[in-house]
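Have a look at the structure below before the remarks.
Indexing begins at 1, ligand by ligand and atom by atom, following the structure's order. Keep in mind the model is a prediction, meaning the values are calculated, not measured. Here, residue 1 is the first one in the sequence, and each next residue gets the next number.
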Amino acid sequence: MKVTVIGCGNLGSAVVEGLVNKGYDVVACDKDEEALDALSDGVMKEKDAGKAVEGSELVVVAVKPEVVGPVLGSFDADDGQVVASFAAAVSLGYVRERTDGRAVRVMPNLAGEYNEMTAAVCADDGVPDEVARVLDDLGSYVEVDEELMDIATAVNGSGPAFVFYAMKAMRDAGVEGGLDEEDAGTLVAQTFRGAAAIVQNDERSLDELIDAVCSPGGTTVEGMEVLRESDAGRPFADAVGAAERRSVEITEELDL
Ligand SMILES: NC(=O)C1=CN([C@@H]2O[C@H](COP(=O)(O)OP(=O)(O)OC[C@H]3O[C@@H](n4cnc5c(N)ncnc54)[C@H](O)[C@@H]3O)[C@@H](O)[C@H]2O)C=CC1
Ligand SMILES: O=C(O)[C@@H]1CCC=N1
């Protein structure tokens, strides 16, 4: 399947590389030569959006929200093509009005590069097969009503930054305790990965899993007491709330 990705910065380049890993024919389009140069050799590179979308079943638009309109105006899609905006705060209606292709709104994240992304999607008549296939190959996805895209954006789009922040705090504590920075980084990264694997495979709730780690009279209960007494979950919930509000605000400010 041929996929064009327009905008190959942080997010678009991750999507491009994830698609290359899975054997897609990928056309990368960016106005910046350096962004194209940084991509893998197997990728077709094209600066002109009109040429870049020719023959592609799926066009991914991965530019900043304010650039989505001009980019959609720079190529003609036909109704056999799917045009998926991967931008925060850009409504499905905004995309629909600016393309003859089938409009889809996706909130992805940076883990697409390693095919470990998760995405929230909304579309008019269900998720088109082309999008379902690509998102499955990049990781996983959930279909949500459009009014939930702002909170989804905060949880899975911005989410990696919040997780990196928590990881940094744990790594730095390990270093303060005497671990080598690289060793601490390895231990923390694999601990997050391992914890995610447990959550994805185990039927127990998150609270039950916390209990499973807390041996009575052991080490973890002491740490959990600190987290619970300081209500350390609150700032994370507040961060998600702030990101969600900003998503709503951008849509309103830019009339997207
Ligand atoms: N960075 C992230 O983790 C995530 C980003 N997004 C969304 O992805 C979009 C892009 O974000 P980033 O990759 O972080 O931005 P970025 O600034 O890293 O990349 C944007 C790219 O678009 C290119 N571009 C700008 N105008 C263009 C045009 N007219 N034609 C072709 N290319 C053009 C730029 O040269 C740049 O390479 C945003 O809408 C953002 O909301 C969504 C989820 C996660
Ligand atoms: O910060 C942003 O606006 C984009 C959308 C989600 C992640 N990065």
Side-chain angles (χ1 to χ4, degrees), residues 3-19 26-39 43-53 56 59-77 83-92 94-95 98-99 103-114 116-122 131 134-135 138-142 144 148-165 239-256:
V3 181
T4 297
V5 179
I6 304 179
C8 298
N10 288 302
L11 192 269
S13 64
V15 170
V16 165
E17 300 301 343
L19 292 175
V26 185
V27 185
C29 175
D30 200 292
K31 62 173 186 149
D32 177 7
E33 196 90 41
E34 277 181 28
L36 294 177
D37 286 346
L39 299 169
V43 179
M44 287 170 271
K45 297 167 187 178
E46 175 58 66
K47 281 177 93 171
D48 182 280
K51 287 187 191 149
V53 304
S56 282
V59 179
V60 170
V61 177
V63 294
K64 294 286 186 198
E66 64 273 20
V67 188
V68 170
V71 162
L72 289 173
S74 70
F75 66 90
D76 289 321
V83 176
S85 165
F86 277 33
V90 178
S91 68
L92 190 55
Y94 184 90
V95 181
R98 287 165 179 77
T99 182
V104 179
R105 177 176 176 183
V106 176
M107 180 39 56
N109 71 29
L110 281 190
E113 182 163 4
Y114 305 104
E116 295 276 2
M117 181 172 106
T118 189
V121 198
C122 64
V131 174
V134 158
L135 294 181
L138 290 174
S140 67
Y141 71 91
V142 295
V144 301
L148 296 174
M149 284 304 274
D150 298 304
I151 182 66
T153 297
V155 169
N156 80 288
S158 304
F162 307 149
V163 172
F164 298 148
Y165 185 87
V240 169
E244 179 192 13
R245 282 194 298 282
R246 182 62 188 142
S247 177
V248 174
E249 216 171 66
I250 296 171
T251 307
E252 288 170 0
E253 268 174 24
L254 302 177
D255 202 15
L256 299 172

Any M107 heavy atom less than 4.0 Å to ligand 1: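 Heavy atoms of M107 do come under 4.0 Å of ligand 1.
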
Heavy atom of P70, distance to ligand 1 below 4.0 Å: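 No, that is not the case, since the closest heavy atom of the residue is not under 4.0 Å from the ligand.
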
Contact check, side chains of V104 and V121, non-hydrogen atoms, under 4.5 Å: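 Sidechains of V121 and V104: in contact.
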
Side chains of V95 and L72 in contact at under 4.5 Å (non-hydrogen atoms):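 When only atoms from C-beta onward are counted, L72 and V95 do touch, with a gap below 4.5 Å.
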
State whether the shortest distance between N or O atoms of [X] and N or O atoms of ligand 1 falls below 3.5 angstrom.
X: N10; answer: yes
X: A88; answer: yes
X: L11; answer: yes

Report the nearest protein non-hydrogen atom to [atom]: residue, atom name, distance rounded to 0.1 Å.
atom: atom 29 (N) of ligand 1; value: V71 CG2, 3.5 Å
atom: atom 7 (C) of ligand 2; value: G157 O, 3.4 Å
atom: atom 19 (O) of ligand 1; value: G9 CA, 3.2 Å
atom: atom 42 (C) of ligand 1; value: F86 O, 3.5 Å
atom: atom 24 (N) of ligand 1; value: V63 CG1, 3.8 Å
atom: atom 2 (C) of ligand 1; value: L110 CD2, 4.0 Å
atom: atom 1 (O) of ligand 2; value: S158 OG, 4.8 Å
atom: atom 11 (O) of ligand 1; value: K64 NZ, 4.0 Å
atom: atom 37 (O) of ligand 1; value: D30 OD2, 2.7 Å
atom: atom 31 (C) of ligand 1; value: K31 N, 3.4 Å

If I take atom [atom1] from residue [X] and atom [atom2] from residue [Y], how far apart are they, to the nearest 0.5 angstrom?
X: K31; Y: D48; atom1: NZ; atom2: CG; answer: 14.5 Å
X: M44; Y: L39; atom1: CE; atom2: CG; answer: 12.5 Å
X: L138; Y: E113; atom1: CG; atom2: CD; answer: 11.0 Å
X: D37; Y: D32; atom1: CG; atom2: CG; answer: 8.5 Å
X: T99; Y: F75; atom1: OG1; atom2: CZ; answer: 5.5 Å
X: E252; Y: S247; atom1: CD; atom2: OG; answer: 10.0 Å

side-chain contact (heavy atoms from CB on, under 4.5 Å) assessment of V68 paired with L256: CA-CA 9 Å; V68 170; L256 299 172; 6.0 Å; no

Per-atom contacts, ligand 1 versus A62 - under 4.0 Å to a heavy atom: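 Those of ligand 1 that fall under 4.0 Å from A62 are 9 (C), 10 (C).
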
Ligand-residue contact atoms, ligand 1 with D32, heavy atoms, under 4.0 Å: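 Atoms satisfying the 4.0 Å criterion: 35 (O).
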
From CA spacing to verdict: side-chain contact (heavy atoms from CB on, under 4.5 Å), K47, C29: CA-CA 5 Å; K47 281 177 93 171; C29 175; 5.9 Å; no

Of L36, V26, V16, the residue whose pairing with K45 passes side chain to side chain contact (heavy atoms under 4.5 Å, CB included):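 For K45, the side chain to side chain contact (heavy atoms under 4.5 Å, CB included) test succeeds with only one of L36, V26, V16, which is L36.
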
Proximal atoms of ligand 2 relative to A88 (non-hydrogen, under 4.0 Å):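 Matching atoms, with element in brackets: 5 (C).
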
Heavy-atom protein contact below 4.0 Å for atom 5 (C) of ligand 2: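 Given the 4.0 Å limit, the answer for atom 5 (C) of ligand 2 is yes, a protein heavy atom qualifies.
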
Side-chain donor or acceptor of S85 paired with backbone N/O of R105 under 3.5 Å: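 Flag not set: sc S85 to bb R105 has no pair under 3.5 Å.
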
